[in-house]
Amino acid sequence: MNFTVLTKKLSKNLNRVRNNLKNSRIKTFKSQTKNLILIREFVREFFASKRISNEDLEKIILAIDEACTNKIKHAYKYDETKDIIIKLRLIEDEFIAEISDFGLPFNPDEIPVPDLKENYFNKKSGGYGIFLMRQLMDEVKYEFKRDGENKIILKKKLNIKNA
Amino acid sequence: MNEFNLKQKSIEDINIIELKGYLDAHTAPKLEDAISNLVNTNQYKIIVNFSDLDYISSAGLGVFMAFIETVRNKGGDIKFSAMNEKIYKIFDLIGFPRIYEFYSTDEEAIQKFKSSEK
(Lines give C-alpha, C1' and ligand atoms only; values in the text may rest on other atoms or scores of the structure.)
Protein backbone atom coordinates (compact mmCIF):
# COMPACT_ATOMS: atom_id res chain seq x y z
CA MET A 1 0.00 0.00 0.00
CA ASN A 2 1.50 3.30 -0.96
CA PHE A 3 1.51 6.36 1.21
CA THR A 4 -1.34 8.20 -0.58
CA VAL A 5 -3.72 5.25 -0.27
CA LEU A 6 -2.83 4.86 3.41
CA THR A 7 -3.41 8.57 4.09
CA LYS A 8 -6.80 8.44 2.34
CA LYS A 9 -7.82 5.40 4.31
CA LEU A 10 -6.74 6.97 7.60
CA SER A 11 -8.56 10.18 6.81
CA LYS A 12 -11.73 8.26 5.94
CA ASN A 13 -11.55 6.40 9.24
CA LEU A 14 -10.92 9.63 11.11
CA ASN A 15 -14.00 11.15 9.50
CA ARG A 16 -16.05 8.17 10.54
CA VAL A 17 -14.84 8.52 14.14
CA ARG A 18 -15.60 12.26 14.04
CA ASN A 19 -19.09 11.59 12.71
CA ASN A 20 -19.71 8.95 15.34
CA LEU A 21 -18.61 11.36 18.05
CA LYS A 22 -20.81 14.09 16.63
CA ASN A 23 -23.76 11.71 16.41
CA SER A 24 -23.36 10.14 19.81
CA ARG A 25 -23.71 11.69 23.28
CA ILE A 26 -23.80 10.16 26.72
CA LYS A 27 -24.64 11.88 29.98
CA THR A 28 -25.49 10.85 33.53
CA PHE A 29 -28.18 12.60 35.54
CA LYS A 30 -29.17 12.17 39.17
CA SER A 31 -32.57 10.59 39.62
CA GLN A 32 -34.40 13.82 40.48
CA THR A 33 -37.53 15.26 38.91
CA LYS A 34 -35.92 18.71 38.86
CA ASN A 35 -33.41 17.28 36.36
CA LEU A 36 -36.13 16.50 33.81
CA ILE A 37 -35.81 20.02 32.44
CA LEU A 38 -32.02 19.48 32.04
CA ILE A 39 -32.61 16.12 30.38
CA ARG A 40 -34.93 17.73 27.85
CA GLU A 41 -32.30 20.43 27.19
CA PHE A 42 -29.66 17.71 26.70
CA VAL A 43 -31.81 16.06 24.01
CA ARG A 44 -32.53 19.42 22.39
CA GLU A 45 -28.81 20.24 22.27
CA PHE A 46 -28.01 16.86 20.72
CA PHE A 47 -30.28 17.72 17.81
CA ALA A 48 -29.25 21.39 17.62
CA SER A 49 -27.03 20.92 14.57
CA LYS A 50 -29.22 18.25 13.01
CA ARG A 51 -32.03 19.13 10.70
CA ILE A 52 -34.96 17.17 11.97
CA SER A 53 -38.55 18.31 12.06
CA ASN A 54 -39.75 20.10 15.16
CA GLU A 55 -42.54 17.57 15.48
CA ASP A 56 -40.08 14.65 15.64
CA LEU A 57 -37.91 16.55 18.10
CA GLU A 58 -40.85 17.23 20.43
CA LYS A 59 -41.91 13.57 20.27
CA ILE A 60 -38.41 12.37 21.15
CA ILE A 61 -38.08 14.85 24.02
CA LEU A 62 -41.40 13.74 25.50
CA ALA A 63 -40.60 10.02 25.10
CA ILE A 64 -37.26 10.44 26.88
CA ASP A 65 -38.88 12.52 29.64
CA GLU A 66 -41.44 9.73 30.14
CA ALA A 67 -38.71 7.06 30.26
CA CYS A 68 -36.71 9.03 32.85
CA THR A 69 -39.83 9.88 34.89
CA ASN A 70 -40.60 6.14 35.05
CA LYS A 71 -37.10 5.39 36.28
CA ILE A 72 -37.27 8.10 38.95
CA LYS A 73 -40.69 6.91 40.17
CA HIS A 74 -40.57 3.15 39.72
CA ALA A 75 -36.95 1.98 39.41
CA TYR A 76 -35.53 4.30 42.08
CA LYS A 77 -38.72 5.12 44.05
CA TYR A 78 -37.65 8.78 44.21
CA ASP A 79 -34.18 8.01 45.68
CA GLU A 80 -32.43 11.17 44.48
CA THR A 81 -28.89 9.80 44.92
CA LYS A 82 -29.17 7.30 42.05
CA ASP A 83 -28.00 7.66 38.47
CA ILE A 84 -29.81 7.64 35.16
CA ILE A 85 -27.51 7.24 32.16
CA ILE A 86 -28.73 8.56 28.84
CA LYS A 87 -27.03 7.64 25.59
CA LEU A 88 -28.20 9.26 22.38
CA ARG A 89 -27.14 8.07 18.95
CA LEU A 90 -28.00 8.93 15.41
CA ILE A 91 -27.07 6.26 12.88
CA GLU A 92 -27.90 7.64 9.47
CA ASP A 93 -31.62 8.37 9.74
CA GLU A 94 -32.30 6.28 12.81
CA PHE A 95 -32.32 7.81 16.29
CA ILE A 96 -31.62 5.50 19.22
CA ALA A 97 -31.85 6.47 22.89
CA GLU A 98 -30.67 4.08 25.57
CA ILE A 99 -31.67 5.03 29.09
CA SER A 100 -30.27 2.98 31.94
CA ASP A 101 -30.85 2.64 35.64
CA PHE A 102 -29.61 0.23 38.29
CA GLY A 103 -32.75 0.18 40.40
CA LEU A 104 -35.72 -2.14 40.59
CA PRO A 105 -36.41 -3.96 37.34
CA PHE A 106 -39.67 -2.78 35.93
CA ASN A 107 -41.46 -4.81 33.30
CA PRO A 108 -43.48 -2.45 31.13
CA ASP A 109 -45.24 -5.32 29.39
CA GLU A 110 -47.15 -5.85 32.62
CA ILE A 111 -48.53 -2.33 32.38
CA PRO A 112 -51.86 -2.42 30.56
CA VAL A 113 -52.89 0.06 27.89
CA PRO A 114 -54.66 2.80 29.86
CA ASP A 115 -58.42 2.41 29.95
CA LEU A 116 -59.73 5.96 30.29
CA LYS A 117 -63.20 4.93 31.43
CA GLU A 118 -61.76 2.75 34.19
CA ASN A 119 -59.19 5.40 35.16
CA TYR A 120 -61.92 8.03 35.29
CA PHE A 121 -63.81 6.13 37.97
CA ASN A 122 -60.68 5.01 39.79
CA LYS A 123 -59.21 8.54 39.77
CA LYS A 124 -56.02 7.03 38.38
CA SER A 125 -53.40 9.65 37.64
CA GLY A 126 -50.59 7.38 36.39
CA GLY A 127 -49.91 4.72 33.80
CA TYR A 128 -49.88 6.89 30.69
CA GLY A 129 -46.11 7.20 30.24
CA ILE A 130 -45.39 3.86 28.61
CA PHE A 131 -48.42 4.15 26.38
CA LEU A 132 -47.23 7.61 25.28
CA MET A 133 -43.67 6.37 24.61
CA ARG A 134 -45.05 3.65 22.36
CA GLN A 135 -47.19 6.15 20.51
CA LEU A 136 -44.33 8.60 20.03
CA MET A 137 -41.52 6.22 19.02
CA ASP A 138 -41.26 3.43 16.42
CA GLU A 139 -39.85 0.94 18.89
CA VAL A 140 -39.66 0.68 22.67
CA LYS A 141 -37.56 -2.19 24.02
CA TYR A 142 -36.35 -3.22 27.45
CA GLU A 143 -33.21 -5.07 28.48
CA PHE A 144 -32.48 -6.38 31.94
CA LYS A 145 -28.83 -7.26 32.46
CA ARG A 146 -27.27 -9.56 35.02
CA ASP A 147 -25.22 -6.74 36.53
CA GLY A 148 -28.46 -5.00 37.48
CA GLU A 149 -28.62 -2.57 34.59
CA ASN A 150 -32.14 -1.95 33.33
CA LYS A 151 -32.13 -0.39 29.94
CA ILE A 152 -34.92 1.08 27.90
CA ILE A 153 -34.20 1.48 24.21
CA LEU A 154 -36.21 3.93 22.15
CA LYS A 155 -35.90 4.00 18.37
CA LYS A 156 -37.28 6.30 15.75
CA LYS A 157 -36.66 6.75 12.03
CA LEU A 158 -36.24 10.41 11.24
CA ASN A 159 -36.79 12.46 8.17
CA ILE A 160 -33.44 14.27 8.13
CA LYS A 161 -32.95 17.15 5.78
CA ASN A 162 -29.36 17.28 4.57
CA ALA A 163 -27.34 20.04 6.16
CA MET B 1 -35.09 28.03 30.65
CA ASN B 2 -38.75 28.58 31.25
CA GLU B 3 -39.88 27.16 34.58
CA PHE B 4 -43.44 26.47 35.62
CA ASN B 5 -45.82 29.08 36.90
CA LEU B 6 -49.45 28.90 37.95
CA LYS B 7 -51.88 31.77 38.46
CA GLN B 8 -55.40 31.62 39.77
CA LYS B 9 -58.36 33.95 39.50
CA SER B 10 -62.07 33.61 39.93
CA ILE B 11 -65.08 34.99 38.14
CA GLU B 12 -68.12 34.55 40.34
CA ASP B 13 -68.07 30.88 41.35
CA ILE B 14 -65.78 29.83 38.49
CA ASN B 15 -62.07 29.36 39.09
CA ILE B 16 -59.53 29.85 36.33
CA ILE B 17 -56.07 28.31 36.61
CA GLU B 18 -53.55 29.73 34.15
CA LEU B 19 -50.57 27.50 33.42
CA LYS B 20 -47.23 28.78 32.18
CA GLY B 21 -44.01 27.03 31.15
CA TYR B 22 -43.35 23.33 31.67
CA LEU B 23 -45.71 20.86 33.28
CA ASP B 24 -43.77 17.67 34.05
CA ALA B 25 -43.27 15.26 36.96
CA HIS B 26 -41.41 18.00 38.84
CA THR B 27 -44.03 20.72 38.48
CA ALA B 28 -47.25 18.62 38.33
CA PRO B 29 -47.56 18.53 42.18
CA LYS B 30 -48.07 22.33 42.12
CA LEU B 31 -51.07 21.90 39.84
CA GLU B 32 -52.27 19.00 41.94
CA ASP B 33 -52.13 21.20 45.07
CA ALA B 34 -54.02 24.01 43.35
CA ILE B 35 -56.87 21.76 42.18
CA SER B 36 -56.87 19.91 45.49
CA ASN B 37 -57.28 23.20 47.38
CA LEU B 38 -60.26 24.14 45.20
CA VAL B 39 -61.91 20.76 45.67
CA ASN B 40 -61.30 20.84 49.42
CA THR B 41 -63.04 24.21 49.63
CA ASN B 42 -66.01 22.96 47.59
CA GLN B 43 -65.11 24.89 44.45
CA TYR B 44 -65.85 22.57 41.58
CA LYS B 45 -66.14 24.83 38.54
CA ILE B 46 -62.64 24.93 37.16
CA ILE B 47 -61.21 26.23 33.90
CA VAL B 48 -57.58 25.50 33.07
CA ASN B 49 -56.06 27.97 30.63
CA PHE B 50 -53.18 26.55 28.57
CA SER B 51 -52.29 29.58 26.45
CA ASP B 52 -48.82 30.01 28.01
CA LEU B 53 -48.03 26.34 28.57
CA ASP B 54 -45.09 25.18 26.46
CA TYR B 55 -44.84 21.55 27.47
CA ILE B 56 -46.79 18.78 29.15
CA SER B 57 -45.87 15.20 30.02
CA SER B 58 -48.07 12.39 31.31
CA ALA B 59 -47.45 13.51 34.91
CA GLY B 60 -49.36 16.69 34.08
CA LEU B 61 -52.10 14.86 32.20
CA GLY B 62 -52.58 12.52 35.14
CA VAL B 63 -53.47 15.37 37.50
CA PHE B 64 -56.69 16.04 35.61
CA MET B 65 -57.67 12.37 35.70
CA ALA B 66 -57.23 12.31 39.48
CA PHE B 67 -59.92 14.96 40.03
CA ILE B 68 -62.39 14.88 37.15
CA GLU B 69 -64.73 12.26 38.59
CA THR B 70 -64.96 13.96 42.00
CA VAL B 71 -65.51 17.38 40.46
CA ARG B 72 -68.27 16.18 38.12
CA ASN B 73 -69.98 14.24 40.89
CA LYS B 74 -70.31 17.54 42.71
CA GLY B 75 -71.92 19.19 39.72
CA GLY B 76 -68.78 20.92 38.49
CA ASP B 77 -66.24 20.27 35.76
CA ILE B 78 -62.65 20.84 34.70
CA LYS B 79 -62.76 22.51 31.30
CA PHE B 80 -59.72 23.32 29.16
CA SER B 81 -59.21 26.57 27.30
CA ALA B 82 -56.79 28.20 24.83
CA MET B 83 -54.71 25.08 24.25
CA ASN B 84 -52.22 25.22 21.40
CA GLU B 85 -52.02 22.53 18.74
CA LYS B 86 -48.81 21.00 20.11
CA ILE B 87 -50.24 20.39 23.59
CA TYR B 88 -53.61 19.29 22.20
CA LYS B 89 -51.91 16.54 20.19
CA ILE B 90 -50.58 14.98 23.41
CA PHE B 91 -54.05 15.12 25.01
CA ASP B 92 -55.43 13.58 21.85
CA LEU B 93 -52.89 10.70 21.88
CA ILE B 94 -54.15 9.67 25.33
CA GLY B 95 -57.80 10.04 24.26
CA PHE B 96 -58.67 12.99 26.50
CA PRO B 97 -61.05 14.65 24.01
CA ARG B 98 -63.46 11.81 24.79
CA ILE B 99 -63.59 12.92 28.43
CA TYR B 100 -62.84 16.64 28.63
CA GLU B 101 -64.31 19.72 27.00
CA PHE B 102 -61.95 22.04 25.12
CA TYR B 103 -62.72 25.71 24.44
CA SER B 104 -60.86 28.37 22.47
CA THR B 105 -61.23 30.98 25.21
CA ASP B 106 -62.00 31.24 28.93
CA GLU B 107 -65.13 33.21 28.04
CA GLU B 108 -66.54 30.31 26.03
CA ALA B 109 -65.87 27.91 28.89
CA ILE B 110 -67.49 30.36 31.36
CA GLN B 111 -70.56 30.63 29.14
CA LYS B 112 -70.80 26.85 29.05
CA PHE B 113 -70.72 26.69 32.87
CA LYS B 114 -73.39 29.39 33.06
CA SER B 115 -75.66 27.85 30.43
CA SER B 116 -75.58 24.46 32.13
CA GLU B 117 -76.79 26.08 35.38
CA LYS B 118 -80.06 27.09 33.80
Side-chain angles (χ1 to χ4, degrees), chain A residues 29-45 53-74 76 78 80 84 108 111 113-137, chain B residues 1-5 20-36 39-40 44 48 53-74 76-78 83-101:
Chain A
F29 294 88
K30 285 289 172 207
S31 167
Q32 301 169 2
T33 55
K34 72 173 183 197
N35 284 339
L36 289 169
I37 194 164
L38 302 176
I39 289 167
R40 295 195 295 268
E41 278 307 306
F42 171 62
V43 180
R44 205 175 281 282
E45 274 167 27
S53 73
N54 214 31
E55 197 178 340
D56 278 347
L57 177 61
E58 295 298 336
K59 284 180 179 175
I60 287 169
I61 287 174
L62 179 54
I64 291 175
D65 175 323
E66 297 293 347
C68 294
T69 299
N70 269 339
K71 291 191 181 296
I72 295 168
K73 284 187 181 176
H74 303 293
Y76 288 139
Y78 294 100
E80 298 198 336
I84 295 172
I111 305 295
V113 172
D115 179 334
L116 278 190
K117 204 174 159 191
E118 206 179 292
N119 293 352
Y120 178 91
F121 291 110
N122 294 337
K123 305 171 178 58
K124 191 168 182 279
S125 62
Y128 305 100
I130 289 164
F131 174 76
L132 261 185
M133 269 189 271
R134 291 193 170 126
Q135 297 282 314
L136 299 165
M137 304 300 281
Chain B
M1 271 183 283
N2 210 348
E3 285 285 353
F4 178 70
N5 200 351
K20 190 177 179 182
Y22 293 86
L23 189 53
D24 60 11
H26 188 61
T27 58
K30 288 181 192 166
L31 174 62
E32 200 175 341
D33 287 349
I35 299 181
S36 184
V39 169
N40 291 339
Y44 304 113
V48 182
L53 194 77
D54 299 315
Y55 177 84
I56 192 162
S57 72
S58 69
L61 298 167
V63 174
F64 303 113
M65 281 307 280
F67 292 100
I68 188 68
E69 203 253 357
T70 308
V71 162
R72 283 189 184 160
N73 266 346
K74 299 284 184 182
D77 196 12
I78 300 173
M83 191 180 287
N84 68 40
E85 189 66 22
K86 189 179 104 178
I87 304 277
Y88 179 79
K89 277 184 180 168
I90 312 298
F91 276 79
D92 195 27
L93 273 180
I94 303 266
F96 271 28
R98 282 186 280 138
I99 292 186
Y100 297 89
E101 293 174 13

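Every chain is numbered from 1, with letters handed out A, B, ... down the list of sequences. Predicted model only: the values in this text are computed from it and were never measured.
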> Where does A/Gln32 contact chain B at under 4.5 Å (heavy atoms): side chain, backbone, both or neither?
Replying inline: neither
> Looking at B/Leu93, B/Thr70, B/Asn73, which one has more heavy-atom pairs under 4.5 Å with chain A than the rest?
Replying inline: B/Leu93
>> Report which part of A/Lys34 has an atom under 4.5 Å of a heavy atom belonging to chain B: side chain, backbone, both, or neither.
In response: both
> With respect to chain B, which residue among A/Gln135, A/Lys124, A/Arg40 yields the maximal number of heavy-atom pairs within a distance under 4.5 Å?
Replying inline: A/Arg40
>> At a 4.5 Å cut-off on heavy atoms, which part of A/Ile72 comes close to chain B: side chain, backbone, both, or neither?
In response: neither
> Under 3.5 Å, side chain of A/Glu58 to main-chain N/O of B/Lys86, donor-acceptor pair present?
Replying inline: no
> Of the non-hydrogen atoms in A/Tyr128 and B/Ser58, which two are nearest, and what is the gap between them?
Replying inline: CB-CB, 3.8 Å
>> Please classify the contact between B/Ile94 and chain A as side chain, backbone, both or neither, with a heavy-atom cut-off of under 4.5 Å.
In response: both
> Given side chains that start at C-beta, do those of B/Ser57 and A/Leu62 come closer than 4.5 Å, heavy atoms only?
Replying inline: yes
>> Only pairs of heavy atoms separated by less than 4.5 Å count here; which of A/Asn122, A/Asn54, A/Leu36 has the most with chain B?
In response: A/Leu36
> To the nearest 0.5 Å, what is the distance between CG (B/Leu61) and CG (A/Leu132)?
Replying inline: 6.5 Å
> What part of A/Leu116 gets closer than 4.5 Å to chain B, counting heavy atoms only: side chain, backbone, both or neither?
Replying inline: both
>> As an exercise: rank A/Asp65, A/Thr69, A/Asn119 by heavy-atom pairs under 4.5 Å with chain B and give me the winner.
In response: A/Asp65
> Does a side-chain heavy-atom distance below 4.5 Å link B/Met65 with A/Tyr120?
Replying inline: yes
> Roughly how far apart are B/Glu85 CD and A/Glu55 CD, rounded to 0.5 Å?
Replying inline: 9.5 Å
> Contact part of B/Phe96 toward chain A, heavy-atom cut-off under 4.5 Å: side chain, backbone, both or neither?
Replying inline: both
> Would you say the side chain of B/Tyr55 lies within less than 4.5 Å of the side chain of A/Ile61, judging by non-hydrogen atoms?
Replying inline: yes
> When rounded to the nearest 0.5 angstrom, what distance separates NZ in B/Lys89 from NZ in A/Lys59?
Replying inline: 7.0 Å
> side-chain contact (heavy atoms from CB on, under 4.5 Å) between B/Glu3 and A/Ile37: does it pass, once the steps are laid out?
Replying inline: CA-CA 9 Å; B/Glu3 285 285 353; A/Ile37 194 164; 4.2 Å; yes
> A/Lys123 and B/Ala66: which non-hydrogen atoms are nearest, and at how many Å?
Replying inline: CB-O, 3.5 Å
